[in-house]
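Note: hydrogens, waters and symmetry copies are ignored here, and every other heavy atom, side chains too, is used. As the structure is a computational prediction, the values presented were derived from the model and not from experiment. Naming convention: chains lettered A, B, ... in sequence-line order (proteins, then strands); numbering from 1 in each chain.
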Number of protein chains: 2
Amino acid sequence: MEGLDRVFSAVADPTRRAILAALAQKPATVTEIAKPFPVSLNAISKHILVLERAGLIRREIVGREHHCRLDPEPLHKASAWLDHYRRFWEIRLDALERHIITRNKREKRSHGRTD
Amino acid sequence: MEGLDRVFSAVADPTRRAILAALAQKPATVTEIAKPFPVSLNAISKHILVLERAGLIRREIVGREHHCRLDPEPLHKASAWLDHYRRFWEIRLDALERHIITRNKREKRSHGRTD
């Protein structure tokens, strides 16, 4: 699977996005990561493995503990891919802004007339 | 499935990313979209349906033709989610830049000594 495929697949799951959000706060062991989730440690381990394969998590094994930390680089690549489309949503936001300004002006004028 | 789940799932496939790239050039019918791909029209139709369900494609049916155009809004949302992690890769890029500057300075000094 290509890099971007793995990254986008990995972040397409809300539990995996929540794990990344937790690791963005601070590095943690697998047990610590699993704690707030109402699913089995095994389920969380599988999610962590998906994130690790996408390069989003680095794991260091110290004794019996697996220490995980966020690696943001694949997210950077995903963001760079999305940036190709930035002009499209910016054009839409510009159009929306123009529409709102025009509407406000029209409303002001029409209030002016009735007041 | 939640919005972001659908969007990230949709763009996790290289053919679907290529379809979006084509529609970013100009709107097209399903037949036109399928043309450059070495897969069946049926396979492309399925990909288009996934993109449509993620809100990335708007389809207008005119007679027997399905006209598709890009809707960038879900990509905007995906980009906004990734922006939460921007500081992490920027910190890493800063560190890399500092490392390169320090190394260059060191190399210049060491060249100065040997010349």
Side-chain angles (χ1 to χ4, degrees), chain A residues 1-28 37 39 47 50-51 53-58 68-97 99, chain B residues 1-28 37 39 47 50-51 53-58 68-97 99:
Chain A
M1 219 202 281
E2 200 233 326
L4 274 181
D5 295 13
R6 281 185 202 266
V7 178
F8 285 132
S9 267
V11 301
D13 180 276
T15 304
R16 290 198 289 267
R17 288 199 300 278
I19 292 173
L20 290 181
L23 289 178
Q25 298 300 316
K26 62 173 172 38
F37 294 100
V39 293
H47 281 310
V50 172
L51 291 166
R53 285 187 181 146
L56 289 159
I57 282 184
R58 301 286 156 194
C68 300
R69 62 179 176 77
L70 176 72
D71 186 337
E73 194 44 39
L75 296 176
H76 184 191
K77 283 186 190 129
S79 181
W81 179 80
L82 284 164
D83 268 349
H84 295 304
Y85 298 89
R86 180 173 293 274
R87 64 189 168 100
F88 290 97
W89 70 71
E90 281 177 351
I91 289 167
R92 277 177 58 124
L93 288 178
D94 282 355
L96 184 66
E97 196 183 22
H99 169 75
Chain B
M1 221 201 285
E2 198 234 329
L4 274 182
D5 295 13
R6 279 185 203 266
V7 178
F8 284 132
S9 265
V11 300
D13 179 275
T15 303
R16 291 199 288 266
R17 288 199 301 278
I19 292 172
L20 292 180
L23 290 177
Q25 297 300 314
K26 60 175 173 36
F37 293 100
V39 292
H47 282 309
V50 173
L51 290 164
R53 285 185 181 150
L56 289 159
I57 282 183
R58 299 288 155 194
C68 300
R69 61 178 176 78
L70 176 72
D71 186 336
E73 195 44 38
L75 296 177
H76 184 190
K77 281 184 191 133
S79 182
W81 179 81
L82 283 165
D83 268 351
H84 294 304
Y85 297 90
R86 182 173 292 276
R87 64 188 169 102
F88 290 97
W89 70 71
E90 281 176 351
I91 288 166
R92 277 176 58 120
L93 288 177
D94 282 354
L96 183 66
E97 198 183 22
H99 169 77

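Here the CG-NE2 distance, from B:L75 to A:H84, works out to 11.5 Å after rounding to the nearest 0.5 Å. Rounded to the nearest 0.5 angstrom, A:D83 CG and B:L82 CG are separated by 9.5 Å.
Closest non-hydrogen pair, A:L20 versus B:W81, comes out as CD1-CH2, 4.1 Å. Closest approach of A:F88 to B:A24, counting heavy atoms only: CZ-O, 3.1 Å. When all heavy atoms of A:D5 and B:P14 are compared, the closest pair comes out as OD2-CD, 3.2 Å. The minimum heavy-atom distance between B:R17 and A:Y85, with the atom names listed, is O-OH, 4.0 Å.
For B:R86, the part lying near chain A is the side chain, with the backbone staying farther off; criterion is any non-hydrogen pair under 4.5 Å. Proximity to chain A is absent for every atom of B:A10, based on heavy atoms less than 4.5 angstrom apart.
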